[in-house]
Amino acid sequence: MGYTLLFFFILLQSLNLFAISTTLKPYFYSKTCPKAEFIVKEVMKKAMKRETRSIASVMRLQFHDCFVNGCDASLLLDDTPNMLGEKLALSNINSLRSYEVVDEIKEALEQACPGVVSCADLLIIAARDAVVLSGGPYWEVKLGRLDSLTASQEDSNQIMPSPRSNATYLIDLFSRYNLSVQDLVSLSGSHSIGKGRCFSIVFRLYNQSGSGRPDPAIEPSFREKLDKLCPLGGDGNVTGDLDATPELFDNQYFKDLMNERGFLNSDETLFTNSITREYVEEYSVDQERFFNDFAEGMVKMGDLQSGRPGEIRRDCRVVNSYRPGVAVLFETSNQKG
């Protein structure tokens with residue numbers, strides 16, 4: 001093997017070892033970018049002032065990113081001629097939003113600490129801050145992730161659940177990631193803030209399970225309200241509140257489920273299923289328990305990693321221009337907090 005080939009082989013081997021052995025920890029950027037978390041929170045505050053809904057949208061990005069090959073910001077990559085990314089996947093298209101808030105956060109971080117804070121970590125911090133700014137719990141985030149070098153629309157389509165999903169399917173899906181029933185129900189409480197589209201519930205209102213009738217698990221007066229919001233043949237992009245206090249992170253979501261006023265099928269099924277119901281009942285009367293379990297679940301979900309090589313993107317929408325095996329190692333050298 002020639003010297004050049006041997007050199008690149010060693011670099012690639014080192015790259016893989018680094019990616020697999022990455023250890024996440026709190027205060028990862030305490031030396032390399034000590035104001036990183038402060039910067040993220042300040043941009044999130046500004047975004048909230050412009051549009052309250054935007055921070056709920058940013059929070060959702062963590063789930064949609066982490067479940068598809070780990071928390072690596074693959075979700076943020078735009079399509080290229082050679083790659084179909086995740087933004088137009090079935091569960092994301094016309095649903096996920098506020099990518100421009102992520103761009104603003106990344107720009108601010110790059111101005112303060114060029115090439116240091118990954119987009120993957122940015123999403124984890126921003127999701128936590130979205131909860132806190134909405135009145136929810138605070139938790140220490142573990143950081144030190146690398147950004148993916150690619151994305152896969154196919155993987156997202158195969159993995160991400162549909163709003164039509166029932167609790168049995170969701171329990172199985174979460175178990176594949178070593179996430180418990182408690183994690184499933186508490187993390188579903190992220191729907192305490194934000195809105196959902198009529199497209200996601202029209203089947204519940206007019207053709208549940210192919211019956212030609214509405215879902216019997218919708219309280220009648222709530223169904224009438226939804227019928228007016230989402231008439232058959234109407235605009236599927238019209239949005240409705242996910243719970244009765246859509247701008248406040250609290251346990252109202254679970255109270256609504258108890259009263260058969262869940263917006264999504266995947267929400268209400270948590271009450272109609274006997275396995276998940278006990279958690280819904282407990283969270284509906286014990287907000288502190290919900291907050292504690294939610295924070296624990298977000299940390300566990302944030303631990304999901306693919307073990308693949310990565311980099312620190314300068315722009316969250318595109319991978320950096322680099323020579324394979326060289327620039328990635330250069331990027332990771334900035335990560336030692």
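Just so it is clear, the structure is predicted and the values come from calculations on it, not from any experiment.
The residue from P163, S266, S162 that alone fulfils the side-chain contact (heavy atoms from CB on, under 4.5 Å) condition with S200 is P163. Under the side chain to side chain donor-acceptor pair (under 3.5 Å) rule, N92 has a single partner from K87, H64, Q153, R97, which is H64. Screening R145, K106, R313, R128 against D121 for a salt bridge (charged side-chain N to carboxylate O under 4.0 Å, His left out) leaves a single residue, R145. Considering D267, D243, T245 as possible partners of Y253, the one that fulfils the side chain to side chain donor-acceptor pair (under 3.5 Å) test is D267.
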Would E86 and S74 count as a side chain to side chain donor-acceptor pair (under 3.5 Å) here? Give the steps.
CA-CA 7 Å; E86 299 164 27; S74 58; 2.7 Å; yes
Derivation and outcome, side chain to side chain contact (heavy atoms under 4.5 Å, CB included), residues E311 and L146
CA-CA 5 Å; E311 64 180 3; L146 296 175; over 6 Å; no
Stepwise ring-ring contact (aromatic ring centres under 6.0 Å, His included) check, F263 with F222
CA-CA 9 Å; F263 188 80; F222 184 59; 7.3 Å; no
Test salt bridge (Lys or Arg N to Asp or Glu O under 4.0 Å) on R50 and E100; report intermediate values, then the result.
CA-CA 12 Å; R50 289 197 307 266; E100 71 282 355; 5.8 Å; no
Show the numbers, then the answer: is there a side chain to side chain contact (heavy atoms under 4.5 Å, CB included) between D235 and F199?
CA-CA 8 Å; D235 183 354; F199 173 82; over 6 Å; no
Are R289 and Q182 close enough, and set up right, to give a side chain to side chain donor-acceptor pair (under 3.5 Å), and what steps lead you there?
CA-CA 11 Å; R289 170 70 190 279; Q182 173 185 295; 3.2 Å; yes
Under the side chain to side chain donor-acceptor pair (under 3.5 Å) rule, what do E37 and Y29 come out as? Steps first, then yes or no, please.
CA-CA 9 Å; E37 293 188 43; Y29 299 106; over 6 Å; no
Check against side chain to side chain donor-acceptor pair (under 3.5 Å), D256 and Q252:
CA-CA 6 Å; D256 287 351; Q252 182 64 45; 2.8 Å; yes
Side chain to side chain contact (heavy atoms under 4.5 Å, CB included) between R261 and S221, intermediate numbers included
CA-CA 9 Å; R261 298 173 72 87; S221 64; 3.5 Å; yes
Start with the C-alpha distance between D215 and R204, add both sets of side-chain angles, then the distance that settles salt bridge (Lys or Arg N to Asp or Glu O under 4.0 Å), and finish with yes or no.
CA-CA 5 Å; D215 182 357; R204 290 191 72 202; 3.0 Å; yes
Working for ring-ring contact (aromatic ring centres under 6.0 Å, His included), residues F254 and F271:
CA-CA 9 Å; F254 298 102; F271 179 66; over 10 Å; no
If you apply the rule side chain to side chain contact (heavy atoms under 4.5 Å, CB included), what do you find for I218 with E268, and how did you get there?
CA-CA 8 Å; I218 307 178; E268 194 59 51; over 6 Å; no
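Side-chain atoms of S306 come within 3.5 Å of backbone atoms of R308 as a donor-acceptor pair (strictly under, hydrogens ignored). A donor-acceptor pair under 3.5 Å is absent between the side-chain atoms of S148 and the main chain of A73, judged by distance alone. The backbone N or O of G212 sits less than 3.5 Å from a side-chain atom of N207, completing a donor-acceptor pair. Of the possible polar contacts, one joining the T269 side chain to the A167 backbone as a donor-acceptor pair under 3.5 Å is found. Formation of a donor-acceptor pair under 3.5 Å by the N157 side chain with backbone atoms of L90 is found in this model. A donor-acceptor contact shorter than 3.5 Å is absent between the side chain of D227 and the backbone of P231. Without hydrogens or angle criteria, D241 side chain to A244 main chain gives no donor-acceptor distance under 3.5 Å. In this structure a side-chain-to-backbone donor-acceptor pair under 3.5 Å is present from S180 to D183. In this structure a side-chain-to-backbone donor-acceptor pair under 3.5 Å is missing from D72 to D147. A donor-acceptor pair is defined here as one N or O able to donate and one able to accept, closer than 3.5 Å; no such pair exists between the side chain of S190 and the backbone of R60.
For K142 and F28, the positive end is not near the middle of the six-membered ring at less than 6.0 Å and at most 45° from its axis. For the pair R213 and Y206, the cation-pi test (distance below 6.0 Å, angle within 45°) is failed.
Between D172 and T168 there is no side-chain heavy-atom pair separated by less than 4.5 Å. N259 places none of its side-chain heavy atoms less than 4.5 Å from the side chain of E219. By the 4.5 Å heavy-atom criterion applied to side chains, F203 and N265 are counted as neighbours. Taking the side chain as every heavy atom from C-beta outward, L242 and I193 never approach each other to under 4.5 Å. For the pair C66/I124, a side-chain contact is recorded, criterion being any heavy-atom separation below 4.5 Å from C-beta on. Residues R317 and L77 fail the side-chain proximity criterion, which asks for heavy atoms closer than 4.5 Å. Proximity of D286 to E288: side-chain heavy atoms (C-beta onward) are separated by under 4.5 Å at one or more points. Between L184 and I171, the closest side-chain pair of non-hydrogen atoms falls below 4.5 Å.
Using modelled atom types and a 3.5 Å distance limit, the side chains of N69 and D155 yield a donor-acceptor pair.
Ring-centre distance between F67 and F174: below the 6.0 Å cut-off. Note: F291 and Y138 fail the aromatic proximity criterion, with ring centroids not under 6.0 Å apart.
The cluster map of Ile, Leu, Val, Met, Phe, Trp and Tyr, joined by side-chain heavy atoms under 4.5 Å apart, puts L75 and L173 in the same cluster. Cluster annotation: L143 and F63 are assigned to the same hydrophobic cluster (Ile/Leu/Val/Met/Phe/Trp/Tyr, side-chain heavy-atom contacts under 4.5 Å, transitive). Cluster membership for M301 and Y177, using ILVMFWY side-chain heavy atoms within less than 4.5 angstrom, is shared. M59 and V132 are not part of a single hydrophobic cluster, where members link through side-chain heavy atoms under 4.5 Å apart. Residues L270 and I275 fall within the same hydrophobic cluster, defined by Ile, Leu, Val, Met, Phe, Trp and Tyr side chains chained together at heavy-atom separations under 4.5 Å.
Taking the six-membered ring for Trp and thresholds of 30 and 60 degrees, Y283 and F290 have ring planes inclined between 30 and 60 degrees apart.
Here the straight-line distance linking atom CG of L179 with atom CG of L170 works out to 12.0 Å at 0.5 Å rounding. Rounding to the nearest 0.5 angstrom, the gap separating the CG atom in L149 from the CE atom in M83 is 10.5 Å. Annotation: the span from R314 atom CZ to N320 atom CG amounts to 4.0 Å, rounded to 0.5 Å.
P161 and S91 make their closest contact through O-CB, 4.2 Å (heavy atoms, listed as atom of the first residue, atom of the second, distance). Considering every non-hydrogen atom in both Y169 and I159, the closest pair reads OH-O, 4.2 Å. In plain terms, the two heavy atoms of L229 and G240 that are nearest each other are CD2-CA, 3.6 Å.
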